[in-house]
Amino acid sequence: MTNEIRTIFDRIAPVYDQLNNWLSLGQHHIWKEMTVKWSAAQSGNTCIDLCCGSGDLALRLARRVGKTGKVYGVDFSPNLLATAQERSQNYPQTAIAWVEADVLNLPFENSQFDAATMGYGLRNVQDIPRSLQEIYRVLKPGGKAAILDFHRPSNAQLRAFQQWYLQNCVVPMATNLGLKEEYAYISPSLDRFPIGSEQVELAHQAGFSQATHYPIANGMMGVLVVRKS
Ligand SMILES: C/C(=C\Cc1cc(O)c2ccccc2c1O)CCC[C@H](C)CCC[C@H](C)CCCC(C)C
Ligand SMILES: C[S@@+](CC[C@H](N)C(=O)[O-])C[C@H]1O[C@@H](n2cnc3c(N)ncnc32)[C@H](O)[C@@H]1O
């Protein structure tokens with residue numbers, strides 16, 4: 001399964017950024033900016049972006065931590081990491097290290113990071129509790145993580161719209177690019193993804209003292225914000 005997920009993301013790498021811009025009507029930039037803000041990353045901090053993909057969140061973190069900070073972007077898709085690497089050449093001032101690794105076995109010591117972000121990663125990992133435990137392990141005491149992903153809205157009409165949009169806009173557009181199966185995967189992965197209150201419960205079980213889920217985009221997306229005490 002892990003290999004299948006990696007293959008999906010390696011295959012969509014060439015069109016990933018473009019499709020996200022089109023299909024979210026540019027909104028994903030706003031959702032990612034909110035996520036970085038909620039991570040509370042500060043100038044000079046050492047931060048980690050898990051499941052960094054093509055680097056959107058890591059590059060935003062790098063802007064926040066500035067020249068005196070350091071950002072690690074971690075992903076297991078070599079193709080998406082290559083895009084991230086290429087994009088970061090335009091930001092020579094910022095210290096970003098791109099690391100090819102599984103976020104379920106992070107190659108970092110305990111308590112290294114002031115802040116963490118994860119965008120559209122938690123729904124894709126094989127073991128959500130383990131992923132939260134790994135984030136807990138690598139955060140410093142007092143550190144925060146902000147985890148952005150799709151969310152199923154409680155409002156039935158909005159949920160119906162979300163399902164309609166995924167099936168009738170997202171999948172057909174991806175089909176035109178030969179990526180039907182890859183994008184058809186989003187809907188079932190969302191069906192089995194824990195809702196906000198369940199994510200909060202899992203975060204407490206992983207050890208986080210504070211956990212809050214913020215629904216955004218009318219509840220079609222959400223950000224789980226956790227703090228290690
Ligand atoms: C950046 C976004 C999604 C990233 C993403 C996550 C995945 O798990 C994938 C799995 C397999 C293939 C691709 C991805 C993937 O790209 C979020 C925005 C992109 C969405 C495709 C658009 C979703 C739109 C909402 C359901 C409704 C938006 C309403 C309005 C148009 C703003
Ligand atoms: C939908 S993309 C999100 C990319 C980026 N964070 C963004 O918001 O645009 C999901 C990413 O998670 C990565 N991923 C999924 N499971 C992973 C794992 N166990 N370890 C490392 N990366 C993983 C995929 O390779 C992919 O780049």
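Order of listing sets the numbers, starting from 1, for every ligand and every atom in it. We're numbering straight along the sequence, starting at 1. Source: prediction; values computed, not measured.
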Going by the atom numbers of ligand 1, which of them fall below 4.0 Å from some non-hydrogen atom of [X]?
X	value
Leu25	31 (C)
Glu182	11 (C), 12 (C)
Ile12	12 (C), 13 (C)
Ser24	18 (C), 32 (C)

Heavy atoms from other residues, nucleotides or ligands near CD of Glu198 exceed 12 (cutoff 6.0 Å): yes
Within 6.0 angstrom of Glu109 CD, more than 12 heavy atoms from elsewhere: no
Quick test of your reading of the structure: of [options], whose heavy atom lies closest to [atom]?
atom	options	answer
atom 26 (C) of ligand 1	His151, Gln162, His29, Gln27	Gln162
atom 29 (C) of ligand 1	Tyr185, Trp22, Phe161	Phe161
atom 31 (C) of ligand 1	Phe193, Phe9, Tyr165	Tyr165

Can you pull out the closest protein heavy atom to [atom]? Residue, atom name and distance to 0.1 Å, please.
atom	result
atom 19 (N) of ligand 2	Asp102 OD1, 2.9 Å
atom 16 (N) of ligand 2	Phe76 CZ, 3.3 Å
atom 15 (C) of ligand 1	Tyr16 CE1, 3.7 Å
atom 12 (O) of ligand 2	Cys51 CB, 3.2 Å
atom 10 (C) of ligand 2	Tyr120 O, 3.2 Å
atom 13 (C) of ligand 2	Asp75 OD2, 3.2 Å
atom 9 (O) of ligand 2	Tyr16 OH, 2.7 Å
atom 20 (N) of ligand 2	Val103 N, 2.9 Å
atom 8 (O) of ligand 2	Lys32 CE, 3.2 Å

Under 3.5 Å, side chain of His151 to main-chain N/O of Gly219, donor-acceptor pair present? yes
Is it the case that the side chain of Asn45 and the backbone of Gln42 share a donor-acceptor pair, with hydrogens and angles ignored and the cut-off at 3.5 Å? yes
Does an N or O from Gly119, backbone or side chain, lie closer than 3.5 Å to an N or O of ligand 2? yes
Any Ser54 heavy atom less than 4.0 Å to ligand 2: no
Those residues at least two apart in sequence (or on a different chain) that pass side chain to side chain contact (heavy atoms under 4.5 Å, CB included) with Asn124 are Ile5, Phe9, Tyr185
For ligand 1, which is the ligand I care about here, please tell me if Arg123 has any N or O atom under 3.5 Å from one of the ligand's N or O atoms. yes
Could you tell me whether Asn20 and ligand 1 have an N or O pair separated by under 3.5 Å? yes
Any carboxylate oxygen within less than 4.0 angstrom of a Lys/Arg side-chain nitrogen, looking at Arg60 and Asp49? no
Does Arg159 pair with Asp191 as a salt bridge, N-O distance under 4.0 Å? yes
Heavy-atom distances under 4.0 Å decide this one: backbone, side chain, both or neither, for Asn124 against ligand 1? side chain
Ligand 2 contact on Cys52 by region, counting heavy-atom pairs under 4.0 Å: backbone
Find all atoms of ligand 2 within a distance of less than 4.0 Å from any non-hydrogen atom belonging to [X], and give their numbers and elements.
X	value
Gly53	4 (C), 27 (O)
Ala101	20 (N), 21 (C)
Ser77	25 (O)

[X] and [Y]: side chain donor to acceptor below 3.5 Å:
X	Y	value
Ser77	Arg6	no
Arg11	Asn79	no
Gln205	Glu201	yes
His29	Asn20	no

Those residues that, when tested against Lys67, pass salt bridge (charged side-chain N to carboxylate O under 4.0 Å, His left out) (two or more places apart): none
Are Phe150 and Phe193 close enough that their ring centres sit under 6.0 Å apart? no
Taking the side chain as C-beta and beyond, is there a heavy-atom pair between Asn110 and Val138 under 4.5 Å? no
